[in-house]
Number of protein chains: 2
Amino acid sequence: MVGAFAVLGEANRLRILEHLRGSECSVGELVDRLGMSQPAVSKHLRVLREAGFVSSRIAAQQRIYRIEPEPFAEMEHWLAQYRRLWDRHLDALERHLDNQE
Amino acid sequence: MVGAFAVLGEANRLRILEHLRGSECSVGELVDRLGMSQPAVSKHLRVLREAGFVSSRIAAQQRIYRIEPEPFAEMEHWLAQYRRLWDRHLDALERHLDNQE
DNA sequence: TCTTAACATGCCTGTCTGGTTATATGCCTG
DNA sequence: CAGGCATATAACCAGACAGGCATGTTAAGA
């Protein structure tokens with residue numbers, strides 16, 4: 001579990017996931033959209049892949065990456081242990097977040 | 001959001017939260033139960049406190065720490081953006097299992 | 001006031017890690 | 001099969017960070 005959090009505890013990896021959340025992407029598309037170097041993107045993708053957050057398939061010269069749901073489900077499960085601590089505050093928080101946007 | 005994940009991406013901090021999940025604790029109790037040095041515990045508690053995961057109150061010479069729910073609620077909120085990904089996954093799995101039968 | 005208890009903080013060090021540059025690998029086209 | 005893409009990997013560097021030790025701070029008690 002700590003490994004999953006460590007993987008997400010990095011801003012550029014989170015940005016990669018945000019992009020993949022919309023649709024699967026090739027490495028080059030991520031490089032263009034995130035404005036970071038190709039080796040940096042590849043290294044982050046490797047970390048994400050080894051943690052199970054993404055998977056890749058080969059299409060000609062490209063590697064297409066997409067999100068895998070399991071680690072998210074595991075995080076949800078872990079959070080459930082703490083849910084009783086906050087669900088009495090959840091309504092207030094959501095009102096707050098809704099007011100933000 | 002990335003800050004919260006980075007805070008949880010450390011094994012000993014996660015262990016501290018596991019202990020505080022049961023009941024609030026003084027620093028000394030955490031030192032005894034986790035078998036780590038007092039400065040190390042205090043440093044982790046500072047990180048957790050500045051990220052909002054815990055708060056402390058003073059009782060005589062002791063500082064009693066307890067979990068605060070808001071960061072957990074924010075993580076839940078963040079995860080909800082990805083929930084549909086594994087909802088679809090579970091739906092697909094169920095259809096798969098149904099077809100097996 | 002002096003001492004002790006319970007924590008917090010500063011400093012130092014070794015380790016880990018994210019980024020860059022350079023290079024290797026695999027695929028496709030001519 | 002030569003050459004160009006798309007991506008992965010290797011080697012290196014600089015900054016971040018966890019842990020240990022020593023010390024500062026505050027409160028309680030004699």
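Each chain gets a letter, A, B and so on, in the order the sequences are listed, and its residues count up from 1.
Arg13(A) places a side-chain N or O within donor-acceptor distance of the main-chain N or O of Val7(A), the cut-off being under 3.5 Å. Using a distance-only test at 3.5 Å, with no hydrogens or angles considered, no donor-acceptor pair links the side chain of Gln62(A) to the main chain of Ile64(A). Side-chain atoms of Glu29(A) come within 3.5 Å of backbone atoms of Ser26(A) as a donor-acceptor pair (strictly under, hydrogens ignored). For Arg15(B) (side chain) and Leu34(B) (main-chain N/O), a donor-acceptor pair under 3.5 Å exists by modelled atom type.
For Leu17(B) against Leu8(B), the heavy-atom pair with the smallest separation is CD1-CD2, 3.5 Å. Nearest heavy atom pair, residue Arg49(B) against residue Ser56(B), reads CD-OG, 4.2 Å. The two residues Val27(B) and Ser42(B) have their closest heavy-atom pair at CG1-OG, 4.1 Å. Nearest heavy atom pair, residue Arg33(A) against residue Cys25(A), reads NH1-SG, 3.4 Å. Between Met36(A) and Val31(A), the closest heavy-atom pair is O-CG1, 3.3 Å. Residues Ala51(A) and Pro71(A) approach most closely at O-CG, 3.8 Å, considering heavy atoms.
Taking the C1' atoms of five terminal pairs at each end of the helix from dT1(C)-dA30(D) to dG30(C)-dC1(D), the two resulting helix axes are inclined by 10°, rounded to 10°.
Each of Leu45(B) and Ala60(A) was matched to the nucleotide of DNA chain C holding its nearest heavy atom; the match closer to the 5' end belongs to Leu45(B). Along DNA chain C, the nucleotide closest to Ala59(A) and the one closest to Gly9(A) are compared, and the more 5′ of them pairs with Gly9(A).
Extent of DNA chain C lying under 4.0 Å from chain B heavy atoms, first and last nucleotide in 5' to 3' order, is dA6(C) to dC11(C). Taking a heavy-atom distance under 4.0 Å as the criterion, the stretch of DNA chain D touched by chain B extends 5' to 3' from dA18(D) to dA28(D).
A cation-pi contact, defined as under 6.0 Å to the ring centre and within 45° of the axis, links Arg21(B) to Tyr82(A).
DNA chain C is contacted by Ser37(A), Pro39(A), Lys43(A), His44(A) of residues 33-44 of chain A, taking any non-hydrogen atom closer than 4.0 Å.
Partners of Ala4(B) under the side chain to side chain contact (heavy atoms under 4.5 Å, CB included) rule, at least two apart in sequence or in another chain, are Met1(B), Phe53(B). Checked against salt bridge (charged side-chain N to carboxylate O under 4.0 Å, His left out), Glu24(B) has the following partners two or more places apart in sequence or in another chain: Arg57(B).
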